[in-house]
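Here's the structure, in structure tokens; my notes come after.
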Amino acid sequence: MLVRQLFDYETYTYTYLLGDTKNKVAAIIDPVDSQIDYYMQLLQEFGLELKAALDTHVHADHITALGSLRERTGTETYLGNPGDLDCADNPLQEGKDILIGDIKIEVLYTPGHTDDSYSFIVNDNGQQYAFTGDTLLIRGTGRTDFQNGNANTLYESLHKKLLKLDDTTIVYPGHDYKGWTQSTIGEERQYNPRLNICSKERFAEFMANLNLPNPKFMDVAVPANRSCGKN
Ligand code: FE2
């Protein structure tokens with residue numbers, strides 16, 4: 001499997017292109033609208049047809065490329081709660097795998113950062129990858145103070161779902177603000193300070209006191225992303 005980690009320097013967002021080079025098909029996770037030409041170029045250079053565009057959640061900090069990619073490539077789109085979203089072709093559902101050629105994307109519901117947050121697990125020749133969105137970041141986690149975020153739920157998603165994965169699982173997060181590109185579940189279990197807060201109550205207290213400013217594009221990004229980036 002081909003894995004490319006792509007970066008949007010304006011919002012510190014990581015996007016992942018997964019390619020099955022044998023069957024010439026690809027999936028993309030958390031694409032950013034302003035980077036679409038770059039994705040199209042890569043797909044063309046690798047000779048891959050885009051079959052699935054997935055968002056780990058409705059983002060508050062950048063505009064998704066789901067809608068534009070669907071227009072340009074005919075890809076299927078996937079989002080957590082498409083209810084009112086006619087631009088998302090498929091709802092994500094835990095236990096309902098997404099098959100793209102030989103790539104099997106397992107869907108794990110990991111709410112807490114938002115109530116529509118999902119992680120994607122992929123196995124490739126014995127190596128497991130977890131695309132954790134903003135649920136688990138390198139030495140951190142996503143915030144829980146908007147979009148129906150909930151620190152208690154995030155604690156459960158981290159401890160009962162992501163930390164149950166094998167320690168050798170490579171963690172590919174949705175963002176990094178220091179330029180760290182990847183980690184493993186074992187590394188995060190040991191060194192992520194938020195995973196070492198010993199109770200759910202203390203974790204909730206810690207998260208309630210972060211006092212973070214809102215993302216700078218939030219007022220634009222959230223409404224736009226509710227229409228897959230097309231408004
Ligand atoms: Fe987010």
Side-chain angles (χ1 to χ4, degrees), residues 1-8 13-32 35-57 64-80 82 87-110 116-136 138 157 161-175 181-188 228:
M1 179 177 72
L2 175 146
V3 183
R4 281 288 181 280
Q5 183 182 40
L6 310 166
F7 186 56
D8 176 53
T13 301
Y14 285 128
T15 298
Y16 299 91
L17 178 71
L18 312 183
D20 169 354
T21 48
K22 190 180 82 191
N23 296 299
K24 302 276 180 206
V25 287
I28 197 163
I29 298 172
D30 287 336
V32 177
Q35 301 287 335
I36 188 168
D37 290 339
Y38 185 28
Y39 310 144
M40 297 302 294
Q41 179 191 337
L42 271 181
L43 289 165
Q44 193 200 8
E45 287 170 352
F46 290 128
L48 297 169
E49 187 189 342
L50 190 65
K51 291 288 192 186
L54 307 92
D55 267 350
T56 51
H57 60 294
T64 178
L66 250 60
S68 305
L69 282 168
R70 188 171 73 162
E71 266 176 27
R72 301 241 319 236
T73 68
T75 183
E76 294 275 313
T77 56
Y78 295 79
L79 201 63
C87 52
D89 303 313
N90 306 282
L92 292 167
Q93 210 182 319
E94 181 165 290
K96 206 170 161 198
D97 301 339
I98 299 164
L99 298 172
I100 306 298
D102 290 339
I103 304 170
K104 183 168 92 171
I105 302 171
E106 288 173 46
V107 177
L108 212 56
Y109 182 43
T110 52
D116 68 343
S117 288
Y118 286 77
S119 298
F120 304 120
I121 315 300
V122 177
N123 281 283
D124 179 44
N125 282 324
Q127 177 62 60
Q128 183 161 259
Y129 299 90
F131 300 91
T132 55
D134 295 0
T135 303
L136 176 61
I138 299 174
S157 292
K161 297 217 170 149
L162 293 175
L163 288 184
K164 298 282 183 212
L165 298 170
D166 197 276
D167 272 353
T168 59
T169 303
I170 290 177
V171 173
Y172 273 135
H175 298 281
T181 53
Q182 58 171 258
S183 183
T184 64
I185 289 292
E187 207 180 303
E188 291 310 306
C228 297

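Here the structure is a predicted model, which means the values were calculated and not measured.
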Specify the closest pair of heavy atoms between Q128 and D166, including all atoms of both residues, with the distance to one decimal.
-> NE2-N, 4.1 Å
Please work out whether the ring planes of Y118 and Y109 are parallel, tilted or perpendicular, with thresholds of 30° and 60°.
-> tilted
Less than 4.5 Å apart, any side-chain heavy atom of F120 and any of V107?
-> yes
Assess whether atom CD of Q44 is packed by more than 12 heavy atoms of other residues, nucleotides or ligands within 6.0 Å.
-> no
Output for pair (I121 CD1, E106 CD), nearest 0.5 Å, gives 7.0 Å
Is any side-chain N of the basic residue among R72 and D37 closer than 4.0 Å to the acidic one's carboxylate O?
-> yes
F131 versus V171: any side-chain heavy-atom pair under 4.5 Å?
-> no
Does the pair Q5 and T181 meet the rule for a side-chain contact (heavy atoms from CB on, under 4.5 Å), with working shown?
-> CA-CA 8 Å; Q5 183 182 40; T181 53; 3.3 Å; yes
T15 and D30: side chain donor to acceptor below 3.5 Å = no
Closest heavy-atom contact between A53 and L69?
-> CB-CD1, 4.4 Å
Working to the nearest 0.5 Å, report the span between CD1 of I28 and CG of L43.
-> 6.5 Å
Kindly give the heavy-atom pair with the smallest separation between P173 and Y16, and that separation in Å.
-> O-OH, 2.6 Å
Closest heavy-atom contact between K24 and G47?
-> CD-O, 3.2 Å
Answer yes or no: is there a side-chain heavy-atom contact under 4.5 Å between D134 and H57?
-> yes
Hey, which of I98, I105, D55 is the one that makes side-chain contact (heavy atoms from CB on, under 4.5 Å) with L92?
-> I98
Donor on one side chain, acceptor on other, T110 and S157, under 3.5 Å = no
Does M40 reach the side chain of T73, with side-chain heavy atoms less than 4.5 Å apart?
-> yes
Which atom of D20 lies closest to which atom of N23, heavy atoms considered = OD2-ND2, 2.6 Å
So, do Q35 and F7 sit near enough that their side-chain heavy atoms are less than 4.5 Å apart?
-> no
Do Y14 and Y172 make the cut of ring centroids closer than 6.0 angstrom?
-> no
Taking all non-hydrogen atoms of both residues into account, name the closest pair between L165 and A130 and its distance.
-> CD1-CB, 4.0 Å
Count the heavy atoms belonging to other residues, nucleotides or ligands that lie under 6.0 Å from NZ of K51, then report whether that count exceeds 12.
-> no
Atom OG1 in T132, atom CD in E188: separation rounded to 0.5 Å?
-> 8.5 Å
Could you state the interatomic distance from CG (D116) to OG1 (T56), rounded to the nearest 0.5 Å?
-> 8.5 Å
Take I29 and L18 through the side-chain contact (heavy atoms from CB on, under 4.5 Å) test and state the conclusion after the steps.
-> CA-CA 8 Å; I29 298 172; L18 312 183; 4.1 Å; yes
Is there a side-chain contact between T64 and V32, using heavy atoms and a 4.5 Å cut-off?
-> no
Hey, could you give me the OG1/CG distance between T169 and L162, rounded to the nearest 0.5 Å?
-> 9.5 Å
Looking only at side chains, do E76 and N90 share a donor and an acceptor under 3.5 Å apart?
-> yes
Taking S117 for its side chain and T135 for its backbone only, find out whether a donor-acceptor pair lies under 3.5 Å.
-> no
Roughly how far, to the nearest 0.5 Å, is NZ of K161 from CG of L108?
-> 5.5 Å
Within the side chain of D89, is there an N or O that forms a donor-acceptor pair under 3.5 Å with the backbone of T77?
-> yes
Is there side-chain contact between S183 and I170, with heavy atoms separated by less than 4.5 Å?
-> no
